[in-house]
Each structure stands twice: as C-alpha cells, then as structure tokens.
Protein chains: 2
Amino acid sequence: MKNHLEALNKAFESRVRLGIMSLLMVNAAMDFGMLKEQLNITDGNLASHLNALDKLGYILITKQFIGKKPNTSYAATDHGRKAFSDHLDALERFISRSN
Amino acid sequence: MKNHLEALNKAFESRVRLGIMSLLMVNAAMDFGMLKEQLNITDGNLASHLNALDKLGYILITKQFIGKKPNTSYAATDHGRKAFSDHLDALERFISRSN
DNA sequence: TATTTAACTTTGTAATTCAAAGTACTTTTT
DNA sequence: AAAAAGTACTTTGAATTACAAAGTTAAATA
C-alpha cells in the first residue's frame, strides 16, 4: 500500500487498544477496574487486549495489594508512548493529506 | 466505551478501506486497476472491500466500456464523503485530547 | 464453611481479512 | 477457428482477531 498509510501501527487499529493507550498516555497509571469502567467491556476482553499490549512491550504491569485487596495497575512504557505518539503523528499526516 | 472513541466509524478501521476512501476523496473517480495499483493488494481482496463500501452506500460503481475494454469506476457518494469526513473529525478530536 | 471480590484464563463462536483459484465475458493472438 | 489473455469479479478456504460467557485462583469477609 502506498501513501503514508503504512506508518499506521496495526496494534492501534483496534478501538479498545486505542482507548487503553490513550488513557495510559494521560494517566500515569490505571488499574484493571478503572480501565474496565472507562472502556465498558468485559474483563476477559480487557485482559486479552492488555496482554496484547504487554507482549508488544507497550505497557508495564504491576501487581500489588492495596490494603487487603489485590490490585493490578498498568502504565505505558517509554516504548509504548513512542509507538502511540508515532501512530498519532501518522494519523495526523494522513488526515492532512485527505482534505 | 466512553470518550469520543465511539464516533470512530468501524468501516474505516481497516487500512485498505481507509486507503480506498482517501483516494476517492481526492480523485473524483478511480477505476479498478488504478485502485489495485495504488493499494497494492490482490484483486479479490480489493473487490471485497469495495463491496463492503458499496453495501454501506459509501461509493458509487459505474460499469462501462472504454474502447473495447470493460472498465469499472468507483466514486465516493455524498453519504460516503460525509461518513469519511466525520471519521476524520473524530480522529482529530481524539488526537487533540491525547497529547 | 460459604460467599464475595479481583483479575484473570479458558473455551467456543462469530466476524474479519486475505490469497489463491475459479468464473464470465470479451478481445487479441495464433 | 482455437487458444490465450485481460478485466473484474466470486468462491473457497485458511489464518487471525474479537468477544462473551464461564471457569479458575487466592485471599477476605460474613
């Protein structure tokens, strides 16, 4: 495919992963429950998208206990921030050529 | 899913359909061969994406003969232009909140 | 002891994407 | 006239992706 369309990152073609990453760009960290609430998807679905981002090295997963409750929190890695920001740049370039 | 992420059009989550529509926004019409060359995909694949866009009423298909050769050309409908432009607007809004 | 909560994992299904092969119709070449 | 080639598909089949629902684990609470 010609154009600058190739610069788009396949990982962010999914609405859910786009949503997760944009939340993690703005918030230093978010836990499973917060993400689930914001994205309004099932926990299994959320877990699998988080797993996909983790495999790409885009997020860092931290498991801990807060008080007596288990808590897993997610943060964007530098690598993930770079990838996401590159993707947004590619989208911007794409948009500006398209109108 | 919260945010303005819902405003993204599912039809344009595919790189190929994004490419087709952006070509048809810029060029009043393109034929099968031109699209195939620009997008660099197999003809079956192209045909099926064109079919998807047609089913949504986003493109207009015109079959004719040019000289002795069959020629099918594709153009964006008003409805398609609106949908695509709305999608780009949603992307722009999304981007501006994300950095 | 039974139930609840958090965060998964597993299972199974449906949808999506794609390449490759096949088809229909016509034209060009042999 | 028969064979080959070109255009634009359609069909087939395989691989990938996405998702919901149910099951799992471990600790906490009733």
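Chain identifiers are assigned alphabetically (A, B, ...) following the order of the sequence lines, protein sequences preceding nucleic acid strands; residue numbering begins at 1 within each chain. Predicted, not measured: the structure shown is a model, and the values here were computed from it.
- Within 4.0 Å of B/Asn71, counting heavy atoms only, lie sugar-phosphate atoms of the nucleic acid but no base atom.
- In this entry the distance linking CG of B/Asp43 with C1' of C/dG22 reads 11 Å, nearest Å.
- We find that CG of B/Leu50 is positioned 8 Å from P of D/dC9, with the value rounded to whole Å.
- Within the nucleic acid shown, B/Ser48 has no heavy atom closer than 4.0 Å to any nucleic acid atom.
- For C/dT28, the OP1/OP2 oxygens have no side-chain nitrogen or oxygen of B/Lys69 closer than 4.0 Å.
- The residue among A/Thr42 and B/Lys63 whose nearest nucleotide of DNA chain D lies closer to the 5′ end is B/Lys63.
- Between A/Phe12 and A/Phe84, the distance from one ring center to the other falls under 6.0 angstrom.
- A sub-4.0 Å separation between OP1 or OP2 of C/dA7 and a side-chain N or O of A/Lys36 is absent.
- Regarding contacts with the backbone of C/dT17, every side-chain N or O of B/Asn45 stays at 4.0 angstrom or more from both OP1 and OP2.
- At the phosphate of C/dA7, neither OP1 nor OP2 sits under 4.0 Å from any side-chain N or O atom of A/Tyr74.
- When atom types are taken as modelled, the side chain of B/Arg17 and the backbone of B/Ala11 share a donor-acceptor pair closer than 3.5 angstrom.
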Item to complete: For side-chain contact (heavy atoms from CB on, under 4.5 Å), just list the numbers for B/Leu50 and B/Tyr74, CA-CA rounded to whole Å, side-chain angles, deciding distance to a tenth of an Å, and then say yes or no.
Response: CA-CA 9 Å; B/Leu50 287 168; B/Tyr74 305 87; 3.6 Å; yes

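- At least one side-chain nitrogen or oxygen of B/Arg17 sits closer than 4.0 Å to the OP1 or OP2 atom of C/dT17.
- When each of A/Ser73 and B/Ser14 is assigned the nucleotide of DNA chain C bearing its nearest heavy atom, the one mapping closer to the 5' terminus is A/Ser73.
- When the nearest nucleotides of DNA chain C are assigned to A/Ala47 and A/Lys10 by heavy-atom distance, the more 5′-ward of the two goes with A/Ala47.
- OP1 or OP2 of D/dC9 sits under 4.0 Å from a side-chain N or O of B/Thr72.
- Considering only side-chain N and O atoms, A/His49 lies under 4.0 angstrom from the phosphate OP1 or OP2 of D/dC19.
- Between B/Asp86 and B/Lys82, at least one side-chain N (NZ, or NE/NH1/NH2) sits under 4.0 Å from a carboxylate O, which counts as a salt bridge.
- Residues A/Leu46 and A/Phe32 share a closest heavy-atom pair of CD2-O, 3.7 Å.
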